[in-house]
4 protein chains.
Amino acid sequence: MHPKEERIIAAAIEKFSKKGANSTTIQEVATAAGVGKGTIYRYFENKEGLISSLIEFGIDKVSKAIKEGLIGLDDPVEKLEAIIIAKLEFYNQHYDFGRFLMREIWGHKDKFEDHIQLIRDNHTVVLEETIEEGIVAGKFKEVNVETAAVSLMGMININALHWMMFNQEFPIEELKNDIIELFFDGVLEKS
Amino acid sequence: MHPKEERIIAAAIEKFSKKGANSTTIQEVATAAGVGKGTIYRYFENKEGLISSLIEFGIDKVSKAIKEGLIGLDDPVEKLEAIIIAKLEFYNQHYDFGRFLMREIWGHKDKFEDHIQLIRDNHTVVLEETIEEGIVAGKFKEVNVETAAVSLMGMININALHWMMFNQEFPIEELKNDIIELFFDGVLEKS
Amino acid sequence: MHPKEERIIAAAIEKFSKKGANSTTIQEVATAAGVGKGTIYRYFENKEGLISSLIEFGIDKVSKAIKEGLIGLDDPVEKLEAIIIAKLEFYNQHYDFGRFLMREIWGHKDKFEDHIQLIRDNHTVVLEETIEEGIVAGKFKEVNVETAAVSLMGMININALHWMMFNQEFPIEELKNDIIELFFDGVLEKS
Amino acid sequence: MHPKEERIIAAAIEKFSKKGANSTTIQEVATAAGVGKGTIYRYFENKEGLISSLIEFGIDKVSKAIKEGLIGLDDPVEKLEAIIIAKLEFYNQHYDFGRFLMREIWGHKDKFEDHIQLIRDNHTVVLEETIEEGIVAGKFKEVNVETAAVSLMGMININALHWMMFNQEFPIEELKNDIIELFFDGVLEKS
DNA sequence: TATGAATGAGAGTTCATTCAT
DNA sequence: TATGAATGAACTCTCATTCAT
């Protein structure tokens, strides 16, 4: 990636996340990136394209964090833990960007399907595979893998966002443990 | 609520949901509502205010559906089931509006906190109370109530959205059962 | 025609004729017309549409001048004289507008055919009919009517433009007589 | 002329004629010419200058065609015929370029006078001289030479353009004969 | 109370031109 | 000499908002 493209992406993340893509002008991004307005149009087709690129960039970033977290792990339980931590940490470190992603992913009618697919391919599938492994290994029940994966994703995402709204601190370790416990054991008291 | 206000709200939901609030002009809403452009400004301060009203309207709608579903129920387990069904049905019937809510809630910096608070007060709290009841009744484990409630909300929402993306059918009953099973029992195989 | 539309047309003729449509901004036209920029877009689809309207307006204006000049005339020779005078006078009074027309008619690919057709229907056909009448009356030779009409039009237009370039005065009467003589008698010395 | 300059001129004629100078970017011309954008600015001061050069190039081309057609001719009548044919053939072969010339000549305020003068010096004057010769030789009547020359030019140009608009075929020979007949003899039936 | 014509700030986008390489 | 990445002035067009009717 061209260094100027990188600077534009960084500046756009910074600005779009703070004020929303909609309320941010191309000029603001350009200024923040230290380039001319026209330069942005050399690297991105238009504003829409810039937004799309950011979304893809974000999805990719999370993907990579997840993959890194998984290195050297074999046990499905440990792997799920690693994924949860990776995602919580991402949201913890990139609160505004996370909010930007939440907002924009739902907003671009035509690219929408592409992005959802990208999330599926990059985020959901890892969870599905890991859960599948657990089932095969006899560690997990024979649950509906897809629903389980999506559910876990929902637990992680919404918890992360929720904590970021209502609390100053973001106790990753504790939150992870609670989610793990819930996802693994459920809420029912076993008699 | 004045009948004209109602027509404006209905028209705005219809239009904003289809194309996004941003890409919809006040004129379009006015035309769809069968009123003059100026009339909208009689009932709503400005476009932002209209969007806010829609969000509040949506949150309220879900709230009411939940409350209705809870009528006559006492058992925490049954109550959670009822909530899950109420929310799944809402998303099933109002796909576009759901997407609109997902998008716009994250987008309005100043009103943002208000809306999140509203969701908390109207949606999360019911879950928390119900889970709390279950714990008190000795049916649920002593989990972190807040995390459990938010997790369940995440499971429901993201599953609903996920199904709407990737599938034609939306098997509410089955999905509800899977979520219930997961939330109550977890994925771990009990030896 | 709405009075505001008229003011915009007048202002656009004024501005476009002076500087060329291309070098004139919509803002300039708006200011000259004493209306807001947006108002222009209420009456004309876009700048292109405004230019087209002006062209049509111009063609129509000449048409009307010709028709007025023909009132009460029967003799083909007199009618041709009247047409020549009407056109020369139009160019004499609207030099800049004439130049604008000359320029813009050739310039708008898609509307081009429409405008040429309009000129044909409004300007050329009158000449053709009159020449035809003269032939039928036995006053004119059996020339190719179309070529004769177009030729006369060329003589008038280019002479008018030529005089406007290189001379201060525009001796309509004399020019008309010269054109009439040429068109009626040709240049050859009859032995 | 440097070969690169020639390629730029050829490319510019090609592009400007098709889409209009205004709607053609320097980049398009550069690409079509197979040179870099900057190179154009080595040979032409700016876009305006390039357009001017093309106009001059076009006027010159017609001039040369006329001069070639006149080689070996002495009789004024034959000479006029040759000029008519040369111009008709030019328009026939370079329809788009002809349209470009018609359009751009009227459009550049400052250079405008220069170009008109150039046309006068290169095109009109030949006609004037030839007509003058004819008068001196007693073959033509003592018409106003300037008006006669300009008239003939108008007849040729507008007929050429007219035919190109409304007909597929362009019968040069026939058109030439009609114009010659008109210009020499006029339309009046001699008793 | 209801309207929609009028407005103009403001945004995205283009592209002629420059200049470091 | 030739290039094309970078620039930013300038343009068209949109649309939320106002206000006279």
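Letters A, B, ... mirror the listed sequences (proteins, then strands); counts begin at 1. Computed from heavy atoms alone, side chains included, the values below leave out hydrogens, waters and symmetry copies. Note that this is a predicted model, so its numbers are computed, not measured.
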Residue closer to the 5' end of DNA chain E, A:Asn46 versus D:Lys47 (nearest nucleotide)
A:Asn46
Can you give me the closest heavy-atom contact between C:Thr39 and C:Ile8, atom names plus distance?
O-CD1, 4.4 Å
Nearest 0.5 Å, what's the NZ-OG distance between A:Lys18 and A:Ser23?
14.5 Å
Should F:dT14 form a Watson-Crick or G-U wobble pair with both distances under 3.5 Å, which nucleotide is its partner?
E:dA9
Nearest 0.5 angstrom please: C:Ile13 CD1 to C:Leu54 CG, how far?
5.5 Å
With B:Lys61 via salt bridge (charged side-chain N to carboxylate O under 4.0 Å, His left out) - residues at least two apart
none
Here's one to test your reading of the geometry: is the NZ or CZ of D:Arg99 within 45 degrees of the ring axis of C:Phe112 and under 6.0 Å from its centre?
yes
Complementary nucleotide of F:dA20, counting Watson-Crick and G-U pairs under 3.5 Å
E:dT3
Separation of E:dA11 C1' from A:Lys15 NZ (nearest whole Å):
17 Å
Got a sec, which residues hit ring pair (Phe, Tyr, Trp, His ring centres under 6.0 Å) with D:Phe16, two or more places apart in sequence or on another chain?
none
Indicate whether any N or O donor in one side chain lies under 3.5 Å from an N or O acceptor in the other, for D:Asn122 and D:Ser63.
yes
Using the ring of each side chain (for Trp, its six-membered ring), is D:Phe97 parallel, tilted or perpendicular to D:Phe100, with breaks at 30° and 60°?
parallel
Contact list for DNA chain E against residues 35-43 of chain C - heavy-atom distance below 4.0 Å:
C:Val35, C:Gly36, C:Lys37, C:Gly38, C:Thr39, C:Arg42, C:Tyr43
Is atom NZ of C:Lys47 surrounded by more than 12 heavy atoms (other residues, nucleotides or ligands) closer than 6.0 Å?
yes
Give the residues of residues 22-32 of chain A touching DNA chain E, defined as any heavy atom closer than 4.0 Å, sorted by residue number.
A:Thr24, A:Thr25, A:Ile26
F:dG8 pairs with which nucleotide, Watson-Crick or G-U wobble, both distances below 3.5 Å?
E:dC15
Along DNA chain F, first and last positions that approach a heavy atom of chain A under 4.0 Å:
F:dA5 to F:dA10
A:Val35 side chain near A:Tyr43 side chain, heavy-atom distance below 4.5 Å:
no
Please list, chain by chain and in numerical order, all residues satisfying side-chain contact (heavy atoms from CB on, under 4.5 Å) with B:Thr31, sequence neighbours excluded.
B:Gln27
